[in-house]
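What follows is a set of notes on a single structure, which appears directly below.
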Protein chains: 2
Amino acid sequence: MLSSTEENYLKAIYNISERESGSVTTNNIAQVMQTKAASVTDMIKKLADKELVDYAKYRGVSLTEKGRGLATQLIRKHRLWETFLVDKLGFDWDEVHELAEELEHIRSDELINRLDQFLGQPKFDPHGDPIPNASGRFTIRQQTQLSDLKPGEKGEVVAVHHHDDALLRHLAEIGIELKTNLEVLELHAYDQSIQVRLGTGKVLQINPGLAQKLFIRRSN
Amino acid sequence: MLSSTEENYLKAIYNISERESGSVTTNNIAQVMQTKAASVTDMIKKLADKELVDYAKYRGVSLTEKGRGLATQLIRKHRLWETFLVDKLGFDWDEVHELAEELEHIRSDELINRLDQFLGQPKFDPHGDPIPNASGRFTIRQQTQLSDLKPGEKGEVVAVHHHDDALLRHLAEIGIELKTNLEVLELHAYDQSIQVRLGTGKVLQINPGLAQKLFIRRSN
DNA sequence: AAATAATTTTAGGTTGCCCTAAAAGCCTTA
DNA sequence: TAAGGCTTTTAGGGCAACCTAAAATTATTT
Ligand SMILES: [Mn+2]
Ligand SMILES: [Mn+2]
Ligand SMILES: [Mn+2]
Ligand SMILES: [Mn+2]
């Protein structure tokens, strides 16, 4: 039985290792967990004792199979709760992350499987992130960063990277949400910004930072 | 901001003072919280510092207005989550108490108010217990213990006392749930048992312990 | 290859919630 | 009303998760 804190560390390690290659460093975890390196070392030892991470002093950690499995289940719970909050309770997509951070620690397989059924076994959460199934398998989807599209290419917004509430609110404001269709009109060499036309006809300048955080499925 | 533990103590004190008159004793709380008297004394001091209980050494505690308000909100959350689990996720009434014990500590007024809306602002939980509204007011209902009915009296089961899962399963097995209609046929002086006929026609012998835990609204 | 800089670990301490054992206070009953 | 028996509090610790400061190790620069 893991504490909520242990679960959060596992998830942090999982997320870091998804976006960076090699082993995960103490400082890296400290930053994500908003804590101090010394505290991370304490916790790493505990997780290593429980065989959830492989750990070599001064060399960082990586998840074991067991650790990765638990992290995946936690992500499943997080994303299912987010889906519940948006689809059933009518929250906006920028309001659900913190709540899901608490709800994900409710410990009951029965609960999460019933919730999954109730929601119609969704494959993606309100931010377009894939929801692993009960065996921990993710649905793979073809997607590209908006910043990689060439002028003339069209597509549909399928995910946003990631849980920055201000970003999500901004997107909603300028008219971008999941399933929004768009076409790249021009790339401006001067500031790397991208001009796009939305399905609604609205034309927008998207700055490069934002364009990296929007994931598109090409549609032609 | 209260910890889950502090919230649970408040709820325990609230529940004890509902069923017993006078101030709530340390041992009483220790028994409900499954902990030791010394631990209770520690916590009582903390709650007294926060002005959630009135405390006089060796004299027990009682909730302040503020403490009672928080306890009531916790009970609201508990009962709304139980209602969600039964009505929306299809759990049986004997399966939801422990889960609600965890869910009730999720801290968000917005969440609980949306959940309330989603459930249709229910007035009673799956065990027939009243759900306080956002201002902490309970719906009052006329009800009598089955053990107080006289032969010939009829009524409807409106609540069961309380969260003993085995009791709830037993009731379901013998055909008693909320809204079950019944009529008292006979009282047996020998063992104080009560013979009742359910709406279905089924005739049962109910022992006096159980009869005290069934709440009935008279219907004639 | 040193020297310096950065990272990581260790040492020692705090807080919240729990414990056992002993002391203190309250209550009953002779 | 005084003793004995409960109940409650205090004293002194343990454990999880955090902290700061110092030491150890690794990485980078000269
Ligand atoms: Mn999230
Ligand atoms: Mn998400
Ligand atoms: Mn309950
Ligand atoms: Mn209930």
Side-chain angles (χ1 to χ4, degrees), chain A residues 1-13 16-17 19-63 67 70-71 74 101-102 104-107, chain B residues 1-13 16-17 19-63 67 70-71 74 101-102 104-107:
Chain A
M1 190 90 301
L2 298 187
S3 68
S4 295
T5 309
E6 290 170 316
E7 289 188 331
N8 284 333
Y9 271 91
L10 284 183
K11 194 171 54 149
I13 296 168
I16 296 165
S17 60
R19 72 174 119 80
E20 276 155 61
S21 58
S23 69
V24 176
T25 70
T26 302
N27 262 354
N28 229 326
I29 297 169
Q31 188 215 316
V32 171
M33 293 294 295
Q34 310 239 70
T35 183
K36 296 299 151 84
S39 309
V40 173
T41 302
D42 279 358
M43 179 56 84
I44 281 175
K45 285 180 187 163
K46 194 146 55 110
L47 295 176
D49 285 347
K50 297 188 177 186
E51 303 193 333
L52 300 171
V53 298
D54 290 318
Y55 172 51
K57 262 192 197 176
Y58 294 102
R59 285 279 118 93
V61 291
S62 58
L63 292 172
L70 290 172
L74 196 64
E101 285 292 322
E102 295 194 50
E104 71 190 5
H105 299 292
I106 305 288
R107 241 172 289 281
Chain B
M1 189 88 302
L2 299 187
S3 69
S4 294
T5 309
E6 290 170 317
E7 290 189 328
N8 284 333
Y9 272 92
L10 285 183
K11 194 171 53 148
I13 296 168
I16 296 165
S17 60
R19 73 174 119 80
E20 276 156 61
S21 59
S23 69
V24 176
T25 69
T26 303
N27 262 355
N28 230 325
I29 298 170
Q31 187 215 317
V32 171
M33 293 294 295
Q34 310 240 68
T35 185
K36 296 299 151 87
S39 309
V40 174
T41 302
D42 279 356
M43 179 57 83
I44 281 176
K45 286 180 187 163
K46 194 147 53 110
L47 295 176
D49 285 347
K50 297 189 177 185
E51 304 192 332
L52 300 170
V53 298
D54 290 318
Y55 171 51
K57 264 193 197 175
Y58 294 103
R59 287 277 119 92
V61 291
S62 58
L63 292 172
L70 290 172
L74 196 64
E101 285 291 322
E102 296 194 50
E104 70 190 4
H105 299 294
I106 305 289
R107 240 171 293 280

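In what follows, chains carry the letters A, B, and so on, assigned in the order in which the sequence lines appear, proteins first and then strands, with residues in each chain numbered from 1. Being a predicted model, the structure only gives us computed values, none of them experimental.
Phosphate proximity of dT9(C) to Y55(A): present, with a side-chain N or O under 4.0 Å from OP1 or OP2. Put simply, R59(B) has no side-chain N or O that comes within less than 4.0 Å of OP1 or OP2 on dT9(D). The side chain of K57(B) places no N or O atom within less than 4.0 Å of a non-bridging phosphate oxygen (OP1 or OP2) of dG25(C). Between K45(A) and dT10(C) there is a side-chain polar atom (N or O) within less than 4.0 angstrom of OP1 or OP2. The phosphate of dC18(D) has OP1 or OP2 within less than 4.0 Å of a side-chain N or O from Y9(A). Remark: T26(A) is in phosphate contact with dT9(C), judged by side-chain N or O atoms under 4.0 Å from OP1 or OP2.
For the pair M1(A) CE and dA16(D) C1', the computed distance is 16 Å after rounding to whole Å. Between K36(B) atom NZ and dG13(D) atom C1' there is a gap of 15 Å when expressed in whole angstrom units. Rounded to whole Å, the distance from CD1 on I44(B) to C1' on dT9(D) is 10 Å. D42(B) places its CG atom 14 Å from the P atom of dG12(D), with the value rounded to the nearest Å. If you take CE of M43(B) and C1' of dT9(D), they are 16 Å apart, rounded to a whole angstrom. Per the geometry, CD belonging to Q31(B) stands 17 Å off P belonging to dC6(D), to the nearest Å. Rounded to a whole Å, the CE atom of M33(B) is 16 Å from the P atom of dT8(D). A straight line from CG of N28(B) to C1' of dC6(D) spans 15 Å, rounded to a whole angstrom.
Side chain of S39(A), nearest nucleotide from dT8(C), dC18(D), dC18(C): dC18(D). Closest approach to the Y58(A) side chain among dT26(D), dT9(D), dC19(C) is made by dT26(D) (side chain taken as heavy atoms from C-beta onward). Closest to the side chain of A38(B), from the set dT25(D), dC18(C), dC19(C), is dC19(C).
The shortest side-chain heavy-atom distance between M43(A) and I29(A) does not fall under the 4.5 Å cut-off.
Counting non-hydrogen atoms under 4.0 angstrom, T41(A) reaches a base of the nucleic acid. The residue T35(B) sits close only to the backbone: its heavy atoms come under 4.0 Å of sugar-phosphate atoms, none of a base.
If you check distances only, the side chain of N27(B) never reaches the base of dC6(D) with a donor-acceptor pair under 3.5 Å.
Checking side-chain atoms of S23(B) against main-chain N and O of R59(B) turns up a donor-acceptor pair under 3.5 Å.
K36(A) contributes atom NZ, which lies 14.0 Å from atom CG of D42(A) (distance to the nearest 0.5 angstrom).
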